[in-house]
Amino acid sequence: MHAKQYIQDLLQRALWQEGLEWPEKASVEPPREEEHGDMASNAALVLASSMGQKPRDLAQTLQEHIAGDPYLDRVEVAGPGFLNFFFKPEFWHQVLSDVFEQGSGFGASSAGEGERVLVEYVSANPTGPLHIGHGRGAAVGDSLARILRFTGHKVDTEYYVNDSGRQVQLLGRSILLRYKELCGEHADPLPQDCYQGEYIRDLARELFDLRGNELLYLDQERAEAECAEFGLKRILEQIRSDLREFGAEHAIWFRESSITEEGGVEGTLESLQQQGLVYESEGALWFASTRYGDDKDRVLRKSDGELTYFAADIAYHADKLARGYDRLINVWGADHHGYVPRMQAAVQALGRNRDDLQLLLVQMVNLLRDGEYVSMSTRAGEFVTLAEVCREVGTDAARFIFLSHKSDSHLDFDLDLVKKQNMDNPVYYVQYAHARICSVFKKARERGYIGEEELPSALGGLEAKEELDLLKRLDRFSEMLQGAARTLSPHHLSFYLRDLAGAFHSYYNKYPVLIPDDEERELCRARLTLLSGIAQVLRNGLSLLGVRAPETM
RNA sequence: GCGCCAGUAGCUCAGUAGGAUAGAGCAACGGCCUUCUAAGCCGUAGGCCGGAGGUUCAAAUCCUCCCUGGCGCGCCA
């Protein structure tokens with residue numbers, strides 16, 4: 001059992017003996033200061049004020065109930081009324097048994113209670129290649145999905161493909177114009193609302209190689225449509241392969257057209273209408289989103305008869321909910337934050353709680369090269385693609401950087417920094433820790449300190465402060481993941497791994513593991529056991545970030 | 001004008017169920033490789049947690065106001 005749970009149970013029993021309930025606001029946490037023990041609780045502080053008692057007196061009463069626990073070295077009342085718990089080393093040793101029993105499942109939990117969650121992420125318009133900003137969304141969405149799965153949620157991942165509407169039409173028009181250039185027609189500069197990127201020329205060239213100039217003989221609308229279809233297909237293929245390369249694979253690719261073409265939007269509008277949430281004004285159809293806290297009502301159908309993007313989005317989310325998910329998580333670029341209230345209003349209008357849709361907003365990424373910001377705009381065709389960045393710095397490094405920042409703060413992605421192989425670039429630091437351990441094991445087997453296939457199992461002898469500290473870190477792994485899942489914050493995992501790697505590197509430099517002296521064989525095997533446990537947790541953690549754990553570097 | 005996010009060491013950032021003396025990396029300075037990977041380790045220095053009030057045993061964390069930066073506020077997608 002993990003330390004925190006153990007103490008919580010202990011305290012709860014002590015409270016019952018006093019006829020008290022565990023207070024909502026009480027906590028059990030590893031304190032910052034070493035002198036405050038392995039775990040500390042403020043339970044007495046929280047309870048005393050409402051009981052008219054002195055916190056320290058109550059703490060002392062609880063302390064007396066707990067005294068004599070076999071795994072505890074001692075319990076102290078401290079400061080204004082904290083209870084500080086000190087474990088015996090044997091308690092920490094059992095963490096390693098758990099690691100070996102559970103292996104790649106160590107750290108997993110059932111905290112999510114099987115909740116069905118759909119994580120939608122990236123969902124970039126298929127009108128151009130993924131750029132670096134999408135990479136951040138991909139890393140966050142993918143890692144979050146993995147963490148949620150690991151913490152007992154039932155997770156699907158989805159990419160919403162905006163394959164209809166005006167932007168696709170513009171894609172077709174852009175390609176067609178470039179295509180006509182290739183056919184020798186006079187080339188005006190592309191209209192401003194067209195996609196200007198070089199990739200449009202590539203698509204036009206490819207189309208020309210396939211079809212010759214036969215598109216010239218189609219009427220404009222038909223030709224644009226064929227260009228759009230072709231471009232969409234190619235770009236989507238590219239997006240899929242970029243994401244696969246990046247280690248983020250969506251289970252479901254949901255096409256907007258599957259809703260718009262099957263009348264899904266109409267159906268959803270009707271159901272809103274039946275609830276009296278829809279009205280006509282100025283020739284347009286409106287959704288009364290202000291009823292659910294939005295700033296103003298939103299148009300569903302414009303006065304020209306066209307449905308808005310928002311209308312399709314409501315239908316899309318209705319579809320998601322109808323598929324049986326308990327909770328929807330959308331990973332969005334923060335520039336869409338203005339869209340959040342109306343979307344949550346929609347979810348409420350669909351008969352669900354506001355929080356059944358959570359929006360994880362990922363702030364923008366500024367790309368830095370040679371100390372200068374690189375400006376980016378999809379439409380103007382100025383951007384650095386995700387694929388280029390991955391080729392330049394490697395997917396492991398890119399993912400780790402993205403996942404080392406909380407998503408609601410801006411991120412300066414410094415290409416020169418990420419290419420460095422030192423602590424500027426923490427991914428190597430963590431990977432290096434894993435490779436080092438693997439290397440020690442290789443040597444240990446060569447020297448016969450341990451059998452070729454044998455997993456170490458010795459647990460005694462690990463009593464140095466640093467050793468116990470490492471064990472405590474392993475003990476916290478599972479709880480940390482639950483926190484990351486609860487707050488939708490994969491970056492907590494990155495920081496945990498960096499700290500764990502740091503503690504290991506430090507230990508490694510101070511204590512020899514492969515001790516030649518035969519009389520120290522047991523200690524050597526105990527330390528190998530510890531290292532093996534650390535390596536397992538590094539592997540488990542890195543795998544949740546979608547980063548490799550190499551055996552050599 | 002309104003709204004969202006951010007403001008913590010020189011730089012990049014952690015710190016979200018309010019906890020005890022605010023952390024890490026980089027950069028700076030000084031040390032550690034004939035022994036397990038120096039992509040590493042040890043040490044020194046570095047702070048009015050944007051500002052001002054408030055809530056309480058306790059605030060970087062919660063509330064109010066203000067300052068600065070980014071983003072967003074369409075019958076666009």
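Heavy-atom basis, side chains included; hydrogens, waters and symmetry copies ignored. Throughout, protein chains are lettered first and strands after them, A, B, ... in sequence-line order, and every chain is numbered starting at 1.
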Nucleotide B:A38, atom P - distance to CG of A:Asn509 in whole Å: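 Spelled out: CG on A:Asn509 to P on B:A38 is 7 Å.
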Atom-to-atom span, CG of A:Asp408 to C1' of B:C71 - whole angstrom: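 Rounding to the nearest Å, CG of A:Asp408 and C1' of B:C71 are 13 Å apart.
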Distance check: side-chain N/O of [X] vs OP1/OP2 of [N], anything under 4.0 Å?
X	N	result
A:Lys296	B:C2	no
A:Arg32	B:A20	yes
A:Ser409	B:A14	yes

Mind checking if [X] touches a base, just sugar-phosphate, or nothing, with heavy atoms under 4.0 Å?
X	value
A:Glu551	base
A:Ser494	nothing
A:Tyr508	base

Ring-base stacking, A:His337 with B:G72 (5.5 Å, 30° cut-offs):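 Stacking between A:His337 and B:G72: absent.
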Parallel, tilted or perpendicular, as decided by the 30° and 60° cut-offs, for the rings of A:Phe495 and A:His491: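 Perpendicular: the ring planes of A:His491 and A:Phe495 meet at over 60°.
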Rounded distance in Å between the C1' positions of B:A17 and B:C11: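 It works out to 32 Å between them.
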Pairwise C1' distance for B:A45 and B:G31, with rounding to whole Å: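 The same atom, C1', in both gives a distance of 15 Å.
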Under 3.5 Å donor-acceptor pair, A:Asp499 side-chain atoms to B:A14 base atoms: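 Per atom types, no contact qualifies.
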Strand partner of B:C13, provided both Watson-Crick or wobble distances fall under 3.5 Å: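 Across all strands, the one nucleotide that pairs with B:C13 is B:G23.
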Positive for ring pair (Phe, Tyr, Trp, His ring centres under 6.0 Å) with A:Tyr160, one of A:Tyr316, A:Trp332, A:Tyr309, A:Trp253: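 So the option named by the test is A:Tyr316.
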